[in-house]
Amino acid sequence: MNYRFRYAPSPTGVLHVGNARTAIFNWLLARHYSSKLILRIEDTDKERSTPESEKAIIEDLKWLGLDWDEGPDVGGDCGPYRQSQRSSLYEEHQKLLLEKKAAYECFCTPDELKKTREELLSLGKMPKYNGKCLNLSPKHIQELKDQKKPFVIRFYVKPGPPVVVDDIVRGTVKFEREVIGDFVIFRSDGGPTYQLACVVDDSLMKITHVIRGDDHLSNTPKQILMNDAFGFTSPKFGHLPMVLGADRKKLSKRHGACSVGEYKQQGYVSSAFLNFLVLLGWSCETSEEILNTERLIKEFSEDRLSSSPSIFETNKLDWMNGQYIRQLSLEEFYRLERPFLEKDLALSQVDESWLKQVLKVLQTSVAKLTDVTDQLQIFLKDKFLIEDDVIKETAKDLDFKKVLIALSKILEDNPDIDFDDLKKQLQNETSLKGKKLFHPLRYAMTGRKNGPELALVMPLLPKNELKLRVDKLLKETS
RNA sequence: GUCCCCAUCGUCUAGGCUGGUCUAGGACACCAGGUUUUCAUCCUGGUAACAGGGGUUCAAAUCCCCUUGGGGACGCCA
(Lines give C-alpha, C1' and ligand atoms only; values in the text may rest on other atoms or scores of the structure.)
Protein backbone atom coordinates (compact mmCIF):
# COMPACT_ATOMS: atom_id res chain seq x y z
CA MET A 1 0.00 0.00 0.00
CA ASN A 2 1.25 3.50 -0.71
CA TYR A 3 -0.02 5.19 2.39
CA ARG A 4 2.03 7.86 4.07
CA PHE A 5 1.72 8.27 7.83
CA ARG A 6 3.51 10.82 9.91
CA TYR A 7 4.54 11.56 13.43
CA ALA A 8 5.08 15.27 14.01
CA PRO A 9 6.42 16.15 17.44
CA SER A 10 7.30 19.63 18.52
CA PRO A 11 10.72 19.66 20.13
CA THR A 12 9.74 21.54 23.26
CA GLY A 13 10.52 18.87 25.80
CA VAL A 14 11.00 15.17 26.25
CA LEU A 15 8.91 12.42 24.66
CA HIS A 16 5.83 11.86 26.77
CA VAL A 17 3.98 8.61 27.17
CA GLY A 18 0.92 9.81 25.26
CA ASN A 19 2.98 11.14 22.38
CA ALA A 20 5.00 7.96 22.32
CA ARG A 21 1.81 5.99 21.89
CA THR A 22 0.78 8.23 18.97
CA ALA A 23 4.17 7.62 17.39
CA ILE A 24 3.88 3.88 17.95
CA PHE A 25 0.40 3.68 16.41
CA ASN A 26 1.58 5.58 13.33
CA TRP A 27 4.61 3.36 13.04
CA LEU A 28 2.59 0.18 13.44
CA LEU A 29 0.10 1.34 10.83
CA ALA A 30 2.89 2.24 8.41
CA ARG A 31 4.62 -1.09 8.88
CA HIS A 32 1.39 -3.08 8.83
CA TYR A 33 0.39 -1.58 5.49
CA SER A 34 3.95 -1.70 4.12
CA SER A 35 3.69 2.05 3.86
CA LYS A 36 5.84 5.01 4.81
CA LEU A 37 6.32 6.82 8.09
CA ILE A 38 7.53 10.39 7.97
CA LEU A 39 9.04 12.12 10.97
CA ARG A 40 8.49 15.85 10.88
CA ILE A 41 9.77 18.28 13.46
CA GLU A 42 7.23 21.00 14.22
CA ASP A 43 9.46 23.72 15.54
CA THR A 44 7.52 26.80 14.49
CA ASP A 45 7.54 27.96 18.09
CA LYS A 46 10.97 29.53 18.14
CA GLU A 47 10.77 30.38 21.82
CA ARG A 48 10.26 26.88 23.09
CA SER A 49 11.84 24.62 20.48
CA THR A 50 15.36 23.38 21.08
CA PRO A 51 17.73 21.12 19.13
CA GLU A 52 18.47 19.21 22.35
CA SER A 53 14.84 18.37 22.67
CA GLU A 54 14.67 17.14 19.09
CA LYS A 55 17.67 14.95 19.75
CA ALA A 56 16.18 13.58 22.94
CA ILE A 57 12.86 12.77 21.27
CA ILE A 58 14.56 10.97 18.41
CA GLU A 59 16.66 9.03 20.87
CA ASP A 60 13.59 7.93 22.80
CA LEU A 61 11.76 6.94 19.63
CA LYS A 62 14.73 4.83 18.63
CA TRP A 63 14.89 3.28 22.07
CA LEU A 64 11.31 2.14 21.54
CA GLY A 65 12.50 0.42 18.39
CA LEU A 66 10.78 2.75 15.97
CA ASP A 67 12.24 3.87 12.67
CA TRP A 68 11.01 6.11 9.89
CA ASP A 69 11.43 6.33 6.16
CA GLU A 70 11.81 10.07 5.89
CA GLY A 71 12.86 12.60 8.47
CA PRO A 72 15.41 15.21 9.45
CA ASP A 73 18.03 12.59 10.25
CA VAL A 74 17.40 10.26 7.32
CA GLY A 75 16.40 12.69 4.57
CA GLY A 76 13.80 11.99 1.89
CA ASP A 77 12.18 13.50 -1.20
CA CYS A 78 9.84 15.85 0.65
CA GLY A 79 12.35 17.60 2.87
CA PRO A 80 13.44 19.52 4.68
CA TYR A 81 11.68 17.85 7.59
CA ARG A 82 12.02 20.67 10.09
CA GLN A 83 9.39 23.36 9.77
CA SER A 84 11.91 26.02 10.71
CA GLN A 85 13.66 25.25 7.43
CA ARG A 86 10.56 25.54 5.27
CA SER A 87 9.73 29.24 5.65
CA SER A 88 9.67 30.06 1.94
CA LEU A 89 7.10 27.33 1.35
CA TYR A 90 4.81 28.79 3.96
CA GLU A 91 5.23 32.30 2.59
CA GLU A 92 4.24 31.17 -0.90
CA HIS A 93 1.13 29.61 0.51
CA GLN A 94 0.35 32.70 2.50
CA LYS A 95 0.33 34.73 -0.71
CA LEU A 96 -1.96 32.23 -2.35
CA LEU A 97 -4.49 32.57 0.43
CA LEU A 98 -4.27 36.35 0.45
CA GLU A 99 -4.82 36.48 -3.30
CA LYS A 100 -7.84 34.23 -3.05
CA LYS A 101 -9.22 36.42 -0.28
CA ALA A 102 -9.21 33.37 1.95
CA ALA A 103 -7.02 35.23 4.44
CA TYR A 104 -6.61 38.78 5.61
CA GLU A 105 -4.38 41.08 7.63
CA CYS A 106 -5.43 41.74 11.21
CA PHE A 107 -4.08 44.69 13.14
CA CYS A 108 -5.89 44.05 16.40
CA THR A 109 -3.64 44.33 19.43
CA PRO A 110 -3.34 41.61 22.05
CA ASP A 111 -5.13 43.90 24.50
CA GLU A 112 -8.09 44.40 22.18
CA LEU A 113 -8.26 40.66 21.56
CA LYS A 114 -8.19 39.92 25.25
CA LYS A 115 -10.99 42.38 25.85
CA THR A 116 -13.35 41.00 23.20
CA ARG A 117 -12.55 37.52 24.37
CA GLU A 118 -13.60 38.34 27.90
CA GLU A 119 -16.74 40.07 26.69
CA LEU A 120 -17.82 37.05 24.69
CA LEU A 121 -17.01 34.76 27.57
CA SER A 122 -19.16 36.78 29.95
CA LEU A 123 -22.03 36.60 27.43
CA GLY A 124 -21.75 32.84 27.45
CA LYS A 125 -20.46 32.61 23.91
CA MET A 126 -17.49 30.87 22.40
CA PRO A 127 -14.61 33.35 22.54
CA LYS A 128 -13.70 33.51 18.87
CA TYR A 129 -12.26 36.38 16.88
CA ASN A 130 -14.92 38.97 16.01
CA GLY A 131 -13.77 39.63 12.45
CA LYS A 132 -13.04 43.28 13.04
CA CYS A 133 -10.26 43.52 10.44
CA LEU A 134 -12.00 41.41 7.82
CA ASN A 135 -13.25 44.32 5.75
CA LEU A 136 -10.35 46.73 6.01
CA SER A 137 -9.87 48.53 2.69
CA PRO A 138 -6.61 47.94 0.80
CA LYS A 139 -5.84 51.59 1.28
CA HIS A 140 -6.34 51.44 5.03
CA ILE A 141 -4.23 48.29 5.25
CA GLN A 142 -1.42 50.01 3.39
CA GLU A 143 -1.62 52.99 5.73
CA LEU A 144 -1.39 50.83 8.79
CA LYS A 145 1.52 48.94 7.28
CA ASP A 146 3.26 52.22 6.47
CA GLN A 147 2.83 53.17 10.11
CA LYS A 148 4.67 49.94 10.96
CA LYS A 149 1.70 48.63 12.90
CA PRO A 150 2.24 44.98 13.73
CA PHE A 151 -0.24 42.60 12.11
CA VAL A 152 -1.02 38.94 11.78
CA ILE A 153 -2.63 37.02 8.92
CA ARG A 154 -5.91 35.34 9.71
CA PHE A 155 -7.68 32.65 7.77
CA TYR A 156 -11.16 33.73 6.75
CA VAL A 157 -13.76 31.16 7.76
CA LYS A 158 -16.49 31.92 5.24
CA PRO A 159 -20.11 31.19 6.15
CA GLY A 160 -21.31 27.90 4.77
CA PRO A 161 -22.44 24.41 5.59
CA PRO A 162 -20.97 22.61 8.62
CA VAL A 163 -17.52 21.13 8.21
CA VAL A 164 -17.65 17.37 8.41
CA VAL A 165 -14.75 15.38 9.76
CA ASP A 166 -14.91 11.74 8.79
CA ASP A 167 -12.71 10.40 11.52
CA ILE A 168 -11.19 6.92 11.48
CA VAL A 169 -11.72 6.37 15.18
CA ARG A 170 -14.65 8.67 15.98
CA GLY A 171 -16.84 8.42 12.93
CA THR A 172 -18.54 11.52 11.56
CA VAL A 173 -18.11 14.71 13.56
CA LYS A 174 -19.75 17.96 12.47
CA PHE A 175 -18.63 21.49 13.25
CA GLU A 176 -20.71 24.58 12.54
CA ARG A 177 -18.63 27.26 10.88
CA GLU A 178 -20.01 29.88 13.25
CA VAL A 179 -18.08 28.38 16.13
CA ILE A 180 -14.79 28.51 14.26
CA GLY A 181 -13.19 31.91 14.59
CA ASP A 182 -10.90 33.39 11.96
CA PHE A 183 -7.66 31.95 13.23
CA VAL A 184 -4.11 33.19 12.91
CA ILE A 185 -1.93 31.52 10.30
CA PHE A 186 1.00 33.96 10.36
CA ARG A 187 2.34 35.70 13.43
CA SER A 188 3.33 39.34 13.60
CA ASP A 189 6.96 38.22 13.46
CA GLY A 190 6.26 36.79 10.01
CA GLY A 191 6.45 33.16 11.05
CA PRO A 192 3.72 30.60 10.30
CA THR A 193 1.58 29.13 13.04
CA TYR A 194 1.07 25.42 13.53
CA GLN A 195 -2.26 25.52 11.68
CA LEU A 196 -0.76 26.69 8.41
CA ALA A 197 2.51 24.80 8.61
CA CYS A 198 0.72 21.57 9.41
CA VAL A 199 -1.69 21.81 6.47
CA VAL A 200 0.98 22.89 3.97
CA ASP A 201 3.36 20.16 5.08
CA ASP A 202 0.83 17.37 5.21
CA SER A 203 -0.08 18.22 1.66
CA LEU A 204 3.44 18.76 0.33
CA MET A 205 4.67 15.64 2.07
CA LYS A 206 1.76 13.74 0.52
CA ILE A 207 0.51 12.51 3.86
CA THR A 208 -2.50 10.22 3.44
CA HIS A 209 -3.32 9.59 7.11
CA VAL A 210 -3.07 11.96 10.02
CA ILE A 211 -3.24 9.93 13.22
CA ARG A 212 -2.82 12.16 16.25
CA GLY A 213 -4.13 13.02 19.70
CA ASP A 214 -7.68 13.89 20.49
CA ASP A 215 -6.66 17.40 21.44
CA HIS A 216 -6.40 18.15 17.72
CA LEU A 217 -9.94 17.14 16.87
CA SER A 218 -11.23 20.68 17.05
CA ASN A 219 -8.33 21.88 14.88
CA THR A 220 -9.37 19.51 12.17
CA PRO A 221 -12.24 21.53 10.68
CA LYS A 222 -9.85 24.48 10.40
CA GLN A 223 -7.38 22.35 8.56
CA ILE A 224 -10.03 20.95 6.26
CA LEU A 225 -11.16 24.48 5.45
CA MET A 226 -7.59 25.46 4.61
CA ASN A 227 -7.12 22.40 2.44
CA ASP A 228 -10.30 23.37 0.59
CA ALA A 229 -9.03 26.92 0.13
CA PHE A 230 -5.76 25.66 -1.30
CA GLY A 231 -7.49 23.07 -3.42
CA PHE A 232 -5.73 20.27 -1.57
CA THR A 233 -7.37 16.95 -0.82
CA SER A 234 -7.55 16.50 2.94
CA PRO A 235 -5.83 13.43 4.34
CA LYS A 236 -7.82 10.90 6.36
CA PHE A 237 -7.90 11.83 10.02
CA GLY A 238 -7.89 9.64 13.09
CA HIS A 239 -8.00 11.07 16.58
CA LEU A 240 -6.70 8.97 19.39
CA PRO A 241 -8.15 9.31 22.88
CA MET A 242 -5.95 10.91 25.50
CA VAL A 243 -3.82 9.05 27.98
CA LEU A 244 -4.77 10.20 31.47
CA GLY A 245 -3.33 10.04 34.95
CA ALA A 246 -4.93 8.25 37.90
CA ASP A 247 -7.11 11.32 38.61
CA ARG A 248 -8.47 11.17 35.03
CA LYS A 249 -6.67 14.35 34.12
CA LYS A 250 -4.27 14.71 31.23
CA LEU A 251 -1.10 12.84 32.14
CA SER A 252 1.53 15.19 33.50
CA LYS A 253 4.43 15.40 35.92
CA ARG A 254 2.03 15.57 38.85
CA HIS A 255 1.27 11.92 38.21
CA GLY A 256 4.90 10.89 38.53
CA ALA A 257 6.94 9.57 35.68
CA CYS A 258 5.31 10.42 32.36
CA SER A 259 8.17 10.49 29.89
CA VAL A 260 9.62 7.59 27.99
CA GLY A 261 13.11 8.41 29.26
CA GLU A 262 12.02 7.95 32.85
CA TYR A 263 10.72 4.46 32.16
CA LYS A 264 13.91 3.61 30.37
CA GLN A 265 15.83 4.70 33.46
CA GLN A 266 13.56 2.79 35.76
CA GLY A 267 14.56 -0.42 34.08
CA TYR A 268 11.74 -1.21 31.71
CA VAL A 269 12.55 -3.24 28.63
CA SER A 270 11.68 -1.24 25.53
CA SER A 271 9.75 -4.03 23.83
CA ALA A 272 7.65 -4.55 26.96
CA PHE A 273 7.02 -0.85 27.30
CA LEU A 274 5.97 -0.65 23.66
CA ASN A 275 3.73 -3.70 24.03
CA PHE A 276 2.09 -2.15 27.07
CA LEU A 277 1.53 1.20 25.39
CA VAL A 278 -0.04 -0.41 22.33
CA LEU A 279 -2.62 -2.00 24.61
CA LEU A 280 -3.69 1.45 25.76
CA GLY A 281 -6.41 2.05 23.22
CA TRP A 282 -5.97 -1.00 21.04
CA SER A 283 -6.71 -4.67 21.50
CA CYS A 284 -5.75 -7.70 19.50
CA GLU A 285 -8.53 -9.62 17.83
CA THR A 286 -7.23 -12.85 19.34
CA SER A 287 -7.30 -11.22 22.80
CA GLU A 288 -3.63 -11.99 23.29
CA GLU A 289 -1.76 -9.40 25.27
CA ILE A 290 1.87 -10.33 25.06
CA LEU A 291 2.72 -9.64 21.45
CA ASN A 292 6.19 -9.12 20.12
CA THR A 293 6.86 -6.42 17.59
CA GLU A 294 6.53 -8.76 14.65
CA ARG A 295 3.10 -9.94 15.82
CA LEU A 296 2.06 -6.39 16.60
CA ILE A 297 2.83 -5.29 13.06
CA LYS A 298 0.91 -8.24 11.68
CA GLU A 299 -2.14 -7.83 13.91
CA PHE A 300 -2.39 -4.06 14.21
CA SER A 301 -5.31 -2.39 12.53
CA GLU A 302 -7.06 0.93 12.84
CA ASP A 303 -10.49 -0.60 13.25
CA ARG A 304 -9.69 -2.00 16.65
CA LEU A 305 -8.72 1.37 18.06
CA SER A 306 -10.74 2.44 21.08
CA SER A 307 -12.32 5.85 21.32
CA SER A 308 -12.39 6.22 25.08
CA PRO A 309 -9.46 7.56 27.05
CA SER A 310 -7.32 5.29 29.19
CA ILE A 311 -5.52 5.76 32.44
CA PHE A 312 -1.82 5.12 32.51
CA GLU A 313 -1.14 2.84 35.44
CA THR A 314 1.97 0.77 35.98
CA ASN A 315 0.97 -2.45 37.74
CA LYS A 316 0.30 -4.30 34.53
CA LEU A 317 3.37 -2.75 32.97
CA ASP A 318 5.47 -4.21 35.79
CA TRP A 319 4.02 -7.65 35.25
CA MET A 320 4.52 -7.42 31.50
CA ASN A 321 8.08 -6.24 31.94
CA GLY A 322 8.77 -9.29 34.10
CA GLN A 323 7.33 -11.53 31.41
CA TYR A 324 9.63 -9.97 28.82
CA ILE A 325 12.65 -10.29 31.10
CA ARG A 326 11.93 -14.00 31.56
CA GLN A 327 11.82 -14.50 27.79
CA LEU A 328 15.22 -12.91 27.27
CA SER A 329 18.26 -15.01 26.49
CA LEU A 330 20.95 -14.76 29.16
CA GLU A 331 23.20 -12.89 26.75
CA GLU A 332 20.47 -10.38 25.95
CA PHE A 333 19.59 -9.98 29.61
CA TYR A 334 23.23 -9.35 30.43
CA ARG A 335 23.49 -6.77 27.65
CA LEU A 336 20.43 -4.89 28.91
CA GLU A 337 21.60 -5.03 32.51
CA ARG A 338 25.09 -3.72 31.83
CA PRO A 339 24.27 0.00 31.82
CA PHE A 340 22.47 -0.37 35.15
CA LEU A 341 25.15 -2.52 36.75
CA GLU A 342 27.89 -0.19 35.64
CA LYS A 343 26.50 2.55 37.81
CA ASP A 344 27.56 0.99 41.07
CA LEU A 345 29.80 -1.85 40.04
CA ALA A 346 33.17 -1.82 38.35
CA LEU A 347 32.31 -4.45 35.77
CA SER A 348 35.91 -4.90 34.71
CA GLN A 349 36.75 -6.13 38.21
CA VAL A 350 33.93 -8.64 38.31
CA ASP A 351 34.15 -12.15 36.95
CA GLU A 352 31.80 -12.24 33.98
CA SER A 353 30.78 -15.88 34.23
CA TRP A 354 30.01 -15.46 37.92
CA LEU A 355 27.92 -12.38 37.14
CA LYS A 356 26.02 -14.23 34.45
CA GLN A 357 25.20 -17.02 36.88
CA VAL A 358 23.86 -14.45 39.31
CA LEU A 359 21.80 -12.89 36.54
CA LYS A 360 20.44 -16.27 35.60
CA VAL A 361 19.23 -16.75 39.16
CA LEU A 362 17.66 -13.30 39.32
CA GLN A 363 16.07 -13.41 35.88
CA THR A 364 13.29 -15.69 37.08
CA SER A 365 11.93 -13.25 39.60
CA VAL A 366 12.67 -9.60 38.86
CA ALA A 367 10.12 -7.22 37.35
CA LYS A 368 12.50 -4.47 36.31
CA LEU A 369 16.10 -4.27 35.20
CA THR A 370 16.83 -2.07 38.20
CA ASP A 371 15.64 -4.77 40.59
CA VAL A 372 18.79 -6.66 39.74
CA THR A 373 21.11 -4.00 41.07
CA ASP A 374 19.19 -4.12 44.30
CA GLN A 375 19.22 -7.91 44.61
CA LEU A 376 22.84 -8.04 43.59
CA GLN A 377 23.75 -6.72 47.03
CA ILE A 378 23.02 -10.19 48.37
CA PHE A 379 25.94 -11.58 46.41
CA LEU A 380 28.52 -8.92 47.16
CA LYS A 381 30.74 -8.85 50.20
CA ASP A 382 30.93 -5.11 50.65
CA LYS A 383 27.32 -4.29 49.76
CA PHE A 384 25.79 -6.79 52.14
CA LEU A 385 23.19 -5.36 54.52
CA ILE A 386 20.86 -6.85 57.09
CA GLU A 387 17.32 -5.47 56.98
CA ASP A 388 15.83 -4.16 60.22
CA ASP A 389 12.90 -6.54 60.02
CA VAL A 390 15.25 -9.46 59.77
CA ILE A 391 17.03 -8.44 62.95
CA LYS A 392 13.76 -7.89 64.77
CA GLU A 393 12.30 -11.23 63.81
CA THR A 394 15.45 -13.15 64.52
CA ALA A 395 15.89 -11.51 67.90
CA LYS A 396 12.46 -12.50 69.17
CA ASP A 397 12.54 -16.14 68.04
CA LEU A 398 14.61 -18.63 70.05
CA ASP A 399 14.37 -21.30 67.36
CA PHE A 400 15.92 -18.89 64.87
CA LYS A 401 18.83 -18.36 67.21
CA LYS A 402 19.20 -22.09 67.63
CA VAL A 403 19.49 -22.53 63.88
CA LEU A 404 22.04 -19.76 63.61
CA ILE A 405 24.23 -21.18 66.36
CA ALA A 406 24.14 -24.61 64.79
CA LEU A 407 24.85 -23.06 61.41
CA SER A 408 27.86 -21.23 62.68
CA LYS A 409 29.24 -24.42 64.19
CA ILE A 410 28.72 -26.48 61.04
CA LEU A 411 30.47 -23.88 58.92
CA GLU A 412 33.32 -23.64 61.34
CA ASP A 413 33.90 -27.41 61.22
CA ASN A 414 33.46 -27.59 57.47
CA PRO A 415 33.89 -24.31 55.62
CA ASP A 416 33.51 -25.99 52.21
CA ILE A 417 30.23 -27.76 52.90
CA ASP A 418 27.68 -27.72 50.07
CA PHE A 419 24.06 -26.66 50.41
CA ASP A 420 22.54 -30.13 50.54
CA ASP A 421 24.81 -31.34 53.32
CA LEU A 422 24.42 -28.11 55.20
CA LYS A 423 20.66 -28.46 55.02
CA LYS A 424 20.75 -32.06 56.26
CA GLN A 425 23.10 -31.39 59.14
CA LEU A 426 21.17 -28.33 60.16
CA GLN A 427 17.94 -30.26 60.23
CA ASN A 428 19.51 -33.10 62.24
CA GLU A 429 20.99 -30.82 64.83
CA THR A 430 18.00 -28.54 65.31
CA SER A 431 15.12 -30.93 64.57
CA LEU A 432 13.45 -28.04 62.82
CA LYS A 433 12.00 -27.93 59.30
CA GLY A 434 10.08 -25.72 56.94
CA LYS A 435 9.94 -22.06 57.73
CA LYS A 436 11.52 -22.49 61.13
CA LEU A 437 14.57 -23.89 59.45
CA PHE A 438 14.72 -21.97 56.21
CA HIS A 439 13.80 -18.51 57.36
CA PRO A 440 16.78 -18.07 59.69
CA LEU A 441 19.00 -19.63 57.06
CA ARG A 442 17.67 -17.18 54.49
CA TYR A 443 18.00 -14.25 56.82
CA ALA A 444 21.59 -15.06 57.59
CA MET A 445 22.52 -15.83 54.03
CA THR A 446 20.86 -12.85 52.36
CA GLY A 447 20.09 -10.38 55.14
CA ARG A 448 16.62 -10.15 53.66
CA LYS A 449 13.22 -11.73 53.91
CA ASN A 450 12.83 -12.04 50.17
CA GLY A 451 15.25 -13.20 47.57
CA PRO A 452 16.21 -15.99 45.22
CA GLU A 453 16.34 -19.69 46.00
CA LEU A 454 18.92 -20.39 48.71
CA ALA A 455 20.35 -23.45 47.01
CA LEU A 456 21.25 -21.21 44.11
CA VAL A 457 22.50 -18.31 46.21
CA MET A 458 24.97 -20.22 48.36
CA PRO A 459 27.37 -21.43 45.67
CA LEU A 460 27.58 -17.91 44.28
CA LEU A 461 28.62 -16.31 47.55
CA PRO A 462 32.26 -15.34 48.14
CA LYS A 463 34.28 -17.94 50.01
CA ASN A 464 33.74 -17.98 53.78
CA GLU A 465 31.18 -15.20 53.40
CA LEU A 466 28.30 -17.25 54.79
CA LYS A 467 30.09 -17.88 58.08
CA LEU A 468 30.76 -14.18 58.48
CA ARG A 469 27.15 -13.34 57.79
CA VAL A 470 25.82 -15.89 60.25
CA ASP A 471 28.06 -14.55 62.97
CA LYS A 472 27.13 -11.00 62.13
CA LEU A 473 23.42 -11.69 62.45
CA LEU A 474 24.05 -13.60 65.67
CA LYS A 475 25.97 -10.69 67.07
CA GLU A 476 23.36 -8.12 66.07
CA THR A 477 20.54 -10.05 67.66
CA SER A 478 22.16 -10.99 70.94
C1' G B 1 -19.55 29.81 29.36
C1' U B 2 -19.81 27.72 24.20
C1' C B 3 -18.49 23.79 20.91
C1' C B 4 -16.62 18.84 20.40
C1' C B 5 -15.40 14.04 22.37
C1' C B 6 -15.93 10.05 25.96
C1' A B 7 -18.62 6.67 29.67
C1' U B 8 -18.27 -1.98 30.91
C1' C B 9 -14.69 -4.84 37.26
C1' G B 10 -9.68 -0.50 41.15
C1' U B 11 -6.71 -0.50 36.12
C1' C B 12 -6.12 -2.21 30.71
C1' U B 13 -9.98 -4.19 27.95
C1' A B 14 -13.71 -8.01 24.97
C1' G B 15 -18.71 -7.59 23.51
C1' G B 16 -21.68 -2.52 20.87
C1' C B 17 -21.68 -0.88 14.18
C1' U B 18 -24.98 -6.09 12.39
C1' G B 19 -30.14 -6.05 19.68
C1' G B 20 -31.30 -12.44 21.66
C1' U B 21 -25.56 -17.26 22.11
C1' C B 22 -23.84 -11.74 28.10
C1' U B 23 -27.02 -14.86 35.01
C1' A B 24 -21.12 -9.65 30.72
C1' G B 25 -15.44 -12.84 28.84
C1' G B 26 -9.98 -12.09 29.40
C1' A B 27 -5.56 -9.72 31.63
C1' C B 28 -3.12 -6.92 35.73
C1' A B 29 -3.71 -5.89 40.79
C1' C B 30 -5.95 -7.95 45.22
C1' C B 31 -7.54 -12.28 48.34
C1' A B 32 -7.52 -17.70 49.24
C1' G B 33 -5.51 -22.54 48.20
C1' G B 34 -1.59 -25.59 45.82
C1' U B 35 3.68 -26.51 44.25
C1' U B 36 8.51 -25.19 46.25
C1' U B 37 10.97 -28.28 53.66
C1' U B 38 12.54 -21.04 52.47
C1' C B 39 11.71 -16.60 48.78
C1' A B 40 10.11 -15.82 44.09
C1' U B 41 8.38 -17.91 39.69
C1' C B 42 4.41 -21.05 38.45
C1' C B 43 -0.67 -23.48 38.86
C1' U B 44 -5.91 -23.42 40.60
C1' G B 45 -9.94 -20.76 42.53
C1' G B 46 -12.40 -16.23 44.34
C1' U B 47 -14.02 -10.94 45.06
C1' A B 48 -15.21 -7.19 41.50
C1' A B 49 -18.32 -3.59 36.22
C1' C B 50 -22.58 -2.37 31.75
C1' A B 51 -22.87 5.96 35.48
C1' G B 52 -28.42 7.37 36.28
C1' G B 53 -33.23 8.04 34.05
C1' G B 54 -36.56 7.65 30.05
C1' G B 55 -37.78 5.63 25.25
C1' U B 56 -37.84 2.00 20.83
C1' U B 57 -38.52 -3.44 20.90
C1' C B 58 -41.27 -9.76 22.18
C1' A B 59 -36.04 -8.79 23.74
C1' A B 60 -31.04 -3.46 25.15
C1' A B 61 -24.36 -3.59 27.81
C1' U B 62 -25.59 -3.13 22.52
C1' C B 63 -30.15 1.60 19.09
C1' C B 64 -32.38 6.84 20.37
C1' C B 65 -33.07 11.00 23.89
C1' C B 66 -32.11 13.49 28.48
C1' U B 67 -29.30 14.01 33.00
C1' U B 68 -24.82 13.39 35.50
C1' G B 69 -19.70 12.82 35.45
C1' G B 70 -14.98 13.26 32.98
C1' G B 71 -11.86 15.11 29.15
C1' G B 72 -10.44 18.34 25.13
C1' A B 73 -10.78 22.82 22.31
C1' C B 74 -11.88 27.95 22.15
C1' G B 75 -3.71 31.18 21.88
C1' C B 76 0.52 35.59 17.54
C1' C B 77 1.34 26.81 21.85
C1' A B 78 1.45 22.62 19.12
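Labels below follow one simple rule: chain letters A, B, ... track the order of the sequence lines, proteins then strands, and each chain is numbered from 1. Computed from a prediction, not measured in an experiment: that's the story for all the values here.
Within the nucleic acid shown, V152(A) comes within 4.0 Å of at least one base atom, counting heavy atoms only. Contacts of I311(A) with the nucleic acid, taken as non-hydrogen atoms under 4.0 Å apart, involve only primed sugar atoms and P, OP1 or OP2. Looking at heavy-atom distances under 4.0 Å, E47(A) makes no contact with the nucleic acid at all. Using a 4.0 Å heavy-atom distance criterion, L121(A) is classed as a base contact. Residue contacts for D318(A): at a heavy-atom cut-off of 4.0 Å it reaches no nucleic acid atom on any strand shown. When heavy atoms are screened at a 4.0 angstrom cut-off, H216(A) is found touching base atoms of the nucleic acid.
For A73(B), its base never sits under 3.5 Å from the side chain of N219(A) at any donor and acceptor pair. Residue-to-nucleotide contacts include no donor-acceptor pair under 3.5 Å from the side chain of K316(A) to the base of A29(B). Side-chain atoms of K128(A) stay outside donor-acceptor range of the base of C74(B), with no qualifying N/O pair under 3.5 Å. One can find a donor-acceptor pair under 3.5 Å joining the base of C76(B) and the side-chain atoms of S188(A).
In this structure, the nucleotide among G26(B), A78(B), A73(B) sitting nearest to the side chain of M126(A) is A73(B). Minimum atom distance to the side chain of N315(A) is reached by C28(B), of the listed C28(B), C5(B), C76(B). Set against A78(B), G26(B), C76(B), the side chain of S10(A) has A78(B) as its closest nucleotide.
Listed pair R117(A) / G75(B) meets the phosphate criterion, a side-chain N or O lying under 4.0 Å from OP1 or OP2. Side-chain nitrogen and oxygen atoms of R442(A) include none within less than 4.0 Å of the OP1 or OP2 phosphate oxygen of U36(B). The side chain of S310(A) places an N or O atom within less than 4.0 Å of a non-bridging phosphate oxygen (OP1 or OP2) of U13(B). In this model, the phosphate group of A14(B) is approached by a side-chain N or O of S283(A) to a distance below 4.0 Å at OP1 or OP2.
Aromatic ring centres of F312(A) and Y263(A) lie closer together than 6.0 Å.
A cation-pi arrangement is present between K145(A) and F151(A), with the terminal nitrogen or guanidinium carbon under 6.0 Å from the aromatic centre and inside a 45° cone about the axis. F107(A) does not carry K149(A) over the face of its six-membered ring by the limits of under 6.0 Å from the centre and within 45° of the normal. Because its NZ or CZ atom is both nearer than 6.0 Å to the ring centre of Y129(A) and within 45° of the ring axis, R154(A) counts as a cation-pi partner of that residue. Remark: R469(A) is positioned above the aromatic ring of F384(A), its terminal NZ or CZ atom under 6.0 angstrom from the ring centre and at most 45 degrees off the axis.
Using a 4.5 Å heavy-atom threshold, the side chains of K316(A) and T314(A) count as separate.
Residues of residues 39-46 of chain A that place a heavy atom closer than 4.0 Å to RNA chain B, in numerical order, are E42(A), T44(A), D45(A). Of the residues in residues 426-436 of chain A, those placing a heavy atom less than 4.0 Å from an atom of RNA chain B are Q427(A), K433(A), G434(A), K435(A), in numerical order.
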If the sugar-phosphate is the primed atoms plus P, OP1 and OP2 and the base is the rest, what is the B/S/- string for nucleotides 40-51 of chain B, using protein heavy atoms under 4.0 Å?
SSS---------
